[in-house]
Amino acid sequence: MSVKVGIIMGSQSDWPTMKPAAEILDELGVGYETKIVSAHRTPDRLWDYGKSSVDRGLQAIIAGAGGAAHLPGMMASKTRVPVIGVPVETRTLKGVDSLYSIVQMPRGFPVATMAIGGGANAGLMAAQILALHDADLAARLDAWRNTLSASIPEEPSDE
């Protein structure tokens, strides 16, 4: 399975937030890679990752970061591959700082921003982007969503 999605995060501590994106992609049979790419501590790694993303065949990048959360926006400045930002919850401001940082990108460098801790939805968004040009993935995604809908009861129960 070829790698189509990059899942990157600012530090190891972001992995619990980003892991649900990987799990969704696993369920849907989408190839991905995971990397720690810090905008502040490993800027050369960030530059190299962004500049090589198109040539390596990535079709979406999921970037999670907390606090100042510069990773998604900086990655968007280095590639034309769509970037999906995942704000990581922080202790001090509960992730609102991360959300505000990611959602307020300057003109020309958009980042599709998920909710705080929205790793699973980021994985689904990446799959939806890829499914635009992959009929087999589109069918798997439709089946996944139908299964989700079917799992919701019509009436509440006391159990």
Side-chain angles (χ1 to χ4, degrees), residues 1-135 137-138 141 144-145:
M1 180 180 344
S2 65
V3 172
K4 299 289 185 186
V5 177
I7 301 175
I8 60 173
M9 62 215 77
S11 68
Q12 177 64 43
S13 64
D14 298 337
W15 179 236
T17 299
M18 303 306 289
K19 187 175 181 181
E23 293 168 344
I24 289 288
L25 295 174
D26 282 336
E27 277 188 68
L28 295 171
V30 175
Y32 64 89
E33 64 185 15
T34 57
K35 302 284 182 191
I36 296 174
V37 180
S38 172
H40 303 108
R41 293 170 293 201
T42 64
D44 292 338
R45 193 181 302 171
L46 183 151
W47 259 226
D48 292 342
Y49 194 90
K51 289 174 87 174
S52 69
S53 61
V54 171
D55 291 339
R56 292 186 310 108
L58 294 182
Q59 296 179 10
I61 297 171
I62 302 170
H70 290 131
L71 178 59
M74 291 301 296
M75 186 55 61
S77 77
K78 298 308 293 178
T79 184
R80 63 178 151 83
V81 173
V83 175
I84 303 163
V86 179
V88 173
E89 185 173 336
T90 56
R91 274 185 253 146
T92 307
L93 297 175
K94 300 294 183 203
V96 173
D97 49 345
S98 313
L99 174 65
Y100 286 167
S101 180
I102 296 171
V103 80
Q104 297 191 58
M105 291 297 103
R107 181 177 180 219
F109 304 99
V111 172
T113 307
M114 300 294 106
I116 297 165
N121 272 348
L124 287 166
M125 179 64 69
Q128 287 176 215
I129 291 169
L130 274 61
L132 291 171
H133 302 286
D134 182 336
L137 175 56
L141 185 57
W144 187 93
R145 291 176 76 158

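What you are looking at is a predicted structure, and each value in this text was computed from that prediction instead of being measured. Along the sequence shown, the residues carry numbers beginning at 1. Worth knowing before you read on, the calculation uses all heavy atoms, side chains too, and leaves out hydrogens, waters and symmetry mates.
Sorted by first and then second residue, the ring pair (Phe, Tyr, Trp, His ring centres under 6.0 Å) pairs with a member in residues 56-114 read His40-His70; sequence neighbours excluded. Pairs passing the salt bridge (Lys or Arg N to Asp or Glu O under 4.0 Å) check and including a residue from residues 47-58, sequence neighbours excluded, read Glu33-Arg56.
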Should Leu124 and Leu141 be marked as a side chain to side chain contact (heavy atoms under 4.5 Å, CB included) after you check the CA-CA gap, both sets of side-chain angles, and the distance that decides it? CA-CA 8 Å; Leu124 287 166; Leu141 185 57; 4.1 Å; yes
Between Ile116 and Lys94, is the side chain to side chain contact (heavy atoms under 4.5 Å, CB included) condition met? List the steps. CA-CA 8 Å; Ile116 297 165; Lys94 300 294 183 203; over 6 Å; no
Please walk me through it: do Ile62 and Met18 pass side chain to side chain contact (heavy atoms under 4.5 Å, CB included)? CA-CA 8 Å; Ile62 302 170; Met18 303 306 289; 3.4 Å; yes
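The minimum heavy-atom distance between Ser53 and Gly50, with the atom names listed, is OG-O, 2.8 Å. Summarising the geometry of Ser38 relative to Gly10, their closest heavy-atom pair is CB-O, 3.4 Å, with the distance given to 0.1 Å. Among all heavy-atom pairs drawn from Ile61 and Tyr49, the shortest one is CD1-CE2, 4.2 Å. Taking both residues in full, the closest heavy atoms of Leu71 and Ala63 are given as CG-CB, 4.2 Å, listed atom of the first, atom of the second, then distance. Heavy-atom minimum distance, Val111 versus Ala76: CG2-CB, 3.8 Å. The two residues Val86 and Gly119 come nearest to each other via the heavy atoms CG1-N, 3.9 Å.
When atom types are taken as modelled, the side chain of Asp134 and the backbone of Leu130 share no donor-acceptor pair closer than 3.5 angstrom. Ser101 contributes a side-chain N or O that, together with a main-chain N or O of Ala68, makes up a donor-acceptor pair within less than 3.5 Å. In this structure, Ser98 contributes its side chain and Val88 its backbone to a donor-acceptor pair below 3.5 Å.
Rounding to the nearest 0.5 angstrom, the gap separating the NZ atom in Lys19 from the CG atom in Asp14 is 14.5 Å. Atoms CG and CZ, from Asp97 and Arg91 in turn, are 12.0 Å apart once rounded to the nearest 0.5 Å. Distance CD/Gln12 to CD1/Ile36: 4.5 Å, rounded to 0.5 Å. Between Asn121 atom CG and Gln128 atom CD the span is 8.5 Å, to the nearest 0.5 Å. Here CD1 of Ile7 is found 6.0 Å from CH2 of Trp15. Values are rounded to the nearest 0.5 Å. Between Leu46 atom CG and Ser77 atom OG the span is 7.0 Å, to the nearest 0.5 Å.
In this structure, Trp47 has no side chain to side chain donor-acceptor pair (under 3.5 Å) partners at least two apart in sequence or on a different chain.
Contact annotation: the side chain of Ile129 never approaches that of Gln59 to less than 4.5 Å [non-hydrogen atoms, C-beta and beyond].
A donor-acceptor pair shorter than 3.5 Å can be found between the side chains of Ser13 and Ser11.
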